**Q** 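Dumping the structure here so I can ask a few things about it.
Keep in mind it's a predicted model, so treat the numbers as computed, not measured. Numbering of residues begins at 1 and proceeds along the displayed sequence. Both ligands and their constituent atoms are indexed starting at 1 by order of listing.
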Amino acid sequence: MTGRGTNLGLLALLVATVVTGAAAFAIGTGWASWPVVAHGIAGLAILLLAPWKAPFVRRGLRRRRRSPWGSMSLLALISIALASGVAHAAGVRMRTPSAMQIHVAAGLASLPLAVWRLRARPLAARTVNQDRRALLRAGALLGGAGLGYAMLGAVARLAAWPGAERRFTGSHLRGDGQAFPVTQWLNDRVPRVDGEAWALQVRTSMGEQRWPRVQLAALAEEVTATLDCTSGWYATVVWSGVPLGRLLAGATGRSILVRSATGYTRRFPLADATRLWVATGAAASPLSAGHGFPVRIVAPGRRGFWWVKWVTEITVEDRPWWWQSPFPLT
Ligand SMILES: Nc1nc2c(c(=O)[nH]1)N[C@H]1C(S)=C(S)[C@@H](COP(=O)(O)O)O[C@H]1N2
Ligand SMILES: [Mo]
């Protein structure tokens, strides 16, 4: 295979891993299995291409026309992303950073370098489209990676490797009751909230209401839902929560803005009020401080970053729900 063909293949696969990785994080329902599987196959295909890329890397190092640091960093970051991706899939247990957190960090850090590398030596795509053999090779590569992915999964299940059983998001089961990890999206710290003085502020077109914790707890019903964190674990928990639709009955608008005591926010479609809960407890106890005391959002079918903890305000607004970053920025 030519150097250009290999580079073009690598570039296409890198783009594919970013797109499928982001999609896997954005989707919290069973549909996530598609981008998750595609992500794994693209990653394996990068591994399969490595032997073709190696001679060019070696030659580039020998020639030393430019400083090799940029390319070497890119190579290192992609290797780290691949290794931690495999470690996550295999169920390697690490706490903070998890294999998945390393995977995402290395993957994201490699992007600017890949763009820089591309600008330094642009790829000419002109011959590739005319090359039927290139298409065949691409097909063989993806077919091989797909077969490898299926075989690895089968071997893991047959050998009952720890972590062989994964959710459709690729996450591993970790804990139950309230004994599941306490995680923050990025840099939030567990705040100390005085449950007596605290009251949930609910603002709608009809006005403002304050809900003390005891009143919410009195309205709470049981709801079993799976918290699935993008750092790679999940837990299925029996929560006690108030259906958000009850607190927002009759409200008009387009979106629900949920704000935490820490400043963390997420915006939901108003139509989802019937699928969201304001949870006061889990596993028949009040929420622990780490899990969101006094109240947190329970959002079945959405990944963990939607499950806002330490909620102080819920506001119905006219802005559309998508008027926010797809993933939280703080
Ligand atoms: N205020 C606030 N809520 C938050 C977060 C955060 O950083 N700040 N992290 C979210 C993420 S990414 C996850 S996975 C869950 C984790 O909930 P747990 O700590 O109860 O397991 O909380 C969500 N709610
Ligand atoms: Mo998370």
Side-chain angles (χ1 to χ4, degrees), residues 21-29 32 36 84 88 93-105 107-108 166-167 169-193 195 198 200-201 223-241 244 256-268 272 276-315 324-330:
F25 273 10
I27 303 171
T29 62
V36 167
S84 51
H88 164 72
R93 269 177 185 256
M94 301 160 57
R95 284 293 318 268
T96 329
S98 66
M100 180 61 107
Q101 283 163 333
I102 295 174
H103 179 69
V104 173
L108 288 180
R166 293 203 284 157
R167 203 166 176 248
T169 53
S171 292
H172 299 277
L173 178 64
R174 292 276 186 273
D176 48 32
Q178 280 204 53
F180 54 92
V182 168
T183 331
Q184 268 56 263
W185 172 253
L186 283 182
N187 53 7
D188 263 5
R189 296 241 194 93
V190 176
R192 257 186 212 294
V193 181
W198 173 94
L200 176 66
Q201 296 254 7
V223 51
T224 303
T226 301
L227 172 57
D228 189 333
C229 175
T230 52
S231 68
W233 59 268
Y234 74 91
T236 301
V237 178
V238 183
W239 308 90
S240 33
L244 189 50
I256 308 162
L257 182 66
V258 178
R259 182 181 298 278
S260 165
T262 63
Y264 184 95
T265 59
R266 279 274 94 188
R267 191 182 286 279
F268 301 84
D272 272 22
L276 296 167
W277 281 263
V278 174
T280 53
S285 304
L287 291 175
S288 66
H291 288 315
F293 182 85
V295 299
R296 76 167 315 154
I297 295 293
V298 162
R302 290 177 182 267
R303 295 303 291 272
F305 64 85
W306 293 93
W307 297 46
V308 184
K309 299 190 279 190
W310 317 296
V311 177
T312 54
E313 289 168 39
I314 295 179
T315 314
Q324 67 185 333
S325 161
F327 300 106
L329 299 176
T330 56

**Q** If the contact criterion is a heavy-atom separation under 4.0 Å, does Trp233 count as touching ligand 1?
**A** yes
**Q** Does ligand 1 have any atom that is closer than 4.0 Å to a heavy atom of Gly290?
**A** yes
**Q** Which heavy atom of Arg174 sits nearest to which heavy atom of Ala235, and what is that distance?
**A** O-CB, 3.7 Å
**Q** Polar-atom distance check: Ser260 versus ligand 1, any N or O pair below 3.5 Å?
**A** yes
**Q** For atom 22 (O) of ligand 1, what is the nearest protein heavy atom, given as residue, atom name and distance?
**A** Arg296 NH2, 3.3 Å
**Q** Between Thr230 and Phe25, what is the shortest heavy-atom contact and its length?
**A** O-CZ, 3.2 Å
**Q** Give me the residue, atom name and distance of the protein heavy atom closest to atom 21 (O) of ligand 1.
**A** Pro181 O, 2.7 Å
**Q** Given that the side chain starts at C-beta and the backbone is N, CA, C, O, which of these parts of Leu227 lies under 4.0 Å from ligand 1, counting heavy atoms, or is it both or neither?
**A** side chain
**Q** Please verify the inter-ring angle class for His88 with His172; under 30° counts as parallel, over 60° as perpendicular, anything in between as tilted.
**A** perpendicular
**Q** For Pro286, is there any backbone N or O sitting under 3.5 Å from a side-chain donor or acceptor partner on Gln178?
**A** yes
**Q** Looking only at non-hydrogen atoms, find the nearest pair between Trp239 and Ala282 and report the distance.
**A** CE3-CB, 3.6 Å
**Q** Let me know which of Arg303, Arg296, Arg302 forms a side-chain contact (heavy atoms from CB on, under 4.5 Å) with Leu227.
**A** Arg296
**Q** Short list, please: which atoms of ligand 1 are under 4.0 Å from a heavy atom of Cys229?
**A** 14 (S)
**Q** Taking distance alone, with N or O pairs closer than 3.5 Å, would you say Leu186 contacts ligand 1?
**A** no
**Q** Which residue and non-hydrogen atom of the protein lie closest to atom 24 (N) of ligand 1, and at what distance in Å?
**A** Trp307 O, 3.0 Å
**Q** Can you confirm whether Val311 sits close enough to Val278 that some side-chain heavy atom of one is under 4.5 Å from a side-chain heavy atom of the other?
**A** no
**Q** Hey, what's the ring geometry for Trp185 with Phe327, parallel, tilted or perpendicular (30° and 60° as the breaks)?
**A** parallel
**Q** Without swapping roles, check the side chain of Ser260 against the backbone of Thr262 for a donor-acceptor pair under 3.5 Å.
**A** yes
**Q** Report yes or no: does Arg303 have a heavy atom closer than 4.0 Å to ligand 1?
**A** no
**Q** With heavy-atom distances below 4.0 Å as the criterion, list the atoms of ligand 1 near Phe305.
**A** 10 (C), 11 (C), 12 (S)
**Q** Record the part of Trp306 in heavy-atom contact with ligand 1 below 4.0 Å; permitted values are side chain, backbone, both and neither.
**A** neither
**Q** Provide, to 0.1 Å, the distance between atom 16 (C) of ligand 1 and the closest protein heavy atom, together with that atom's residue and name.
**A** Thr183 O, 3.5 Å
**Q** Give the atoms of ligand 1, by number and element, whose distance to some non-hydrogen atom of Thr262 is under 4.0 Å.
**A** 1 (N)
**Q** Can you tell me the protein heavy atom closest to atom 7 (O) of ligand 1 and the distance?
**A** Trp185 N, 2.8 Å
**Q** Among all protein heavy atoms, pick out the one at the shortest distance from atom 13 (C) of ligand 1; state its residue, atom name and that distance to 0.1 Å.
**A** Gly304 O, 3.4 Å
**Q** Of the non-hydrogen atoms in Arg266 and Pro328, which two are nearest, and what is the gap between them?
**A** NH2-N, 3.7 Å
**Q** For Phe180, counting its heavy atoms only, list the atoms of ligand 1 lying under 4.0 Å from any of them.
**A** 20 (O), 21 (O)
**Q** Minimum heavy-atom separation for Pro181 to His291, with atom names?
**A** O-CE1, 3.3 Å
**Q** Considering non-hydrogen atoms only, spot the tightest contact between Asp188 and Trp310 and give its length.
**A** OD2-CZ3, 4.3 Å
**Q** So which protein heavy atom does atom 8 (N) of ligand 1 come closest to, and at what separation?
**A** Asp188 OD2, 2.7 Å
**Q** Measuring from atom 4 (C) of ligand 1, which candidate in Lys309, Arg259, Gln184, His291 has the nearest non-hydrogen atom?
**A** Lys309
